[in-house]
Amino acid sequence: MKRILITGGAGFLGSHLCDRFIKEGYHVIAMDNLITGDIRNIEHLLPLSNFEFHHHDVSQFIHIPGELDYILHFASPASPIDYLKIPIQTLKVGSLGIHNCLGLARVKNARVLIASTSEVYGDPTVHPQPEEYWGNVNPVGPRGVYDEAKRFQEAITMAYHTYHGLETRIVRIFNTYGPRMRLNDGRVLPAFIGQALRGEDLTIFGDGSQTRSFCYVDDLIEGIYRLLLSDYAYPVNIGNPGEITIKEFAEEIIKLTGTDQKVVYKPLPKDDPKQRQPNISKAKVLLDWEPRVSRAEGLRITYEYFKSLPEEELYKAAYHREFSAS
Ligand SMILES: NC(=O)c1ccc[n+]([C@@H]2O[C@H](COP(=O)([O-])OP(=O)(O)OC[C@H]3O[C@@H](n4cnc5c(N)ncnc54)[C@H](O)[C@@H]3O)[C@@H](O)[C@H]2O)c1
């Protein structure tokens, strides 16, 4: 039985990865300090004999007894509301955390796949973004803590590949959505649906002409699975190229939820990217992958999930855990 360590395993994407690798017959070790994740995301896996949960901060030394074939490094605050609140932890998990994972991989002779992000492209001047584009990132702006942590993570991963011959994979994930996202994580999709469910107006930051591309989680997980098993060490974009303006997206959510609320406008936050659309030519050729789930279908499933949550989830403060600042 292949053994895989998934850091950030109790988070949105990490928990879907745990499900997938359990389904593929792996022994799955999920590691998470629950800083933004939720044990309920993996509760259904806890009784399984081929599933382990380690409550641990991956920015500290990682010890895993026994063999490991693969390590997926997904631990990191991922939404602006999280990483702006916990900037130092974000930088640490993107630097010390990946360093620990790479060291562990060398000892175990395991293959590492890291979760990078379209945020490495910053506010892009090239559209859509191919992997060869180096980005337009402000290192000292508020988003720098996330964007630069992810850029460093790619650099150190590539260095371990080049200098130590470690097997590595880099996925650049574009906006992904689906069940187990948090309603209050500040990302646009749960924010709109949460507002609709609470009977509030939908807030658009800026004039709504900025674009985003939303990938349904099952499509993303399939792309990651294929990339892990491929022999390609350079970054690969995985996302859905279906681009939409935030204004159009708000209209779609209003239609989906049947809310009679309207849209209100607030000033755009600093360094908010104006455009986001993956160029997925590489994933198509290398992995024979492209997204299959339409936005209409993905949104319907996600809306059903949010509707099924206990009502108090709708009113939870955006950030509800206590942490030290370092
Ligand atoms: N969701 C997206 O659209 C998206 C887009 C691009 C990249 N990503 C990347 O994918 C990964 C997962 O994102 P997500 O959306 O599932 O976010 P998430 O917040 O739901 O999951 C992140 C998980 O990492 C855990 N974590 C954070 N710091 C940790 C630490 N030091 N030690 C152990 N665990 C820690 C959190 O508790 C959480 O469970 C992140 O690396 C993120 O940067 C996500």
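Start at 1 and go down the list; that is how both ligands and their atoms are numbered. Positions are given from 1 along the sequence.
Regarding atom 43 (O) of ligand 1, its nearest protein heavy-atom neighbour is Tyr146 OH, 2.5 Å. Of the protein's heavy atoms, Thr36 OG1, 3.2 Å lies nearest to atom 36 (C) of ligand 1. Given atom 3 (O) of ligand 1, the protein heavy atom at minimum distance is Thr176 N, 2.9 Å. Nearest protein heavy-atom contact of atom 1 (N) of ligand 1 is Arg187 NH1, 2.8 Å. Atom 41 (O) of ligand 1 has as its closest protein heavy atom Lys150 NZ, 2.8 Å.
A distance of 6.0 Å or more separates the ring centres of Tyr177 and Phe12.
Checked by distance only, ligand 1 and Ser116 stay at 3.5 Å or farther apart across all their nitrogen or oxygen atoms. In terms of polar-atom proximity, Asn175 is not counted as a contact of ligand 1, lacking any N or O under 3.5 Å from an N or O of the ligand. Residue-to-ligand polar distances place Phe12 within reach of ligand 1: an N/O pair is separated by less than 3.5 Å. Between Ile35 and ligand 1, an N or O atom pair is found at a separation short of 3.5 Å. Looking at ligand 1, you'll find an N or O of Asn33 within less than 3.5 Å of one of its N or O atoms.
Residue contacts with ligand 1 leave out Gln89, since none of its heavy atoms falls under 4.0 Å from the ligand. For the ligand labelled ligand 1, residue Tyr177 lies outside the 4.0 Å heavy-atom shell. Under a 4.0 Å heavy-atom criterion, Lys92 is not in contact with ligand 1. At least one heavy atom of Ala10 lies less than 4.0 angstrom from ligand 1. The shortest heavy-atom distance from Arg180 to ligand 1 is not under 4.0 Å. Ligand 1 has Asp32 within reach: a non-hydrogen atom of the residue lies less than 4.0 Å from it.
For Tyr83 and Ser76, the side-chain atoms include no donor-acceptor pair closer than 3.5 Å. Side chains of Tyr121 and His127: a donor-acceptor N/O pair is absent below 3.5 angstrom, by distance only.
Expressed to the nearest 0.5 Å, how far CZ of Arg111 lies from OG1 of Thr168 amounts to 9.5 Å. Rounding to the nearest 0.5 angstrom, the gap separating the CG atom in Leu5 from the OH atom in Tyr70 is 14.0 Å.
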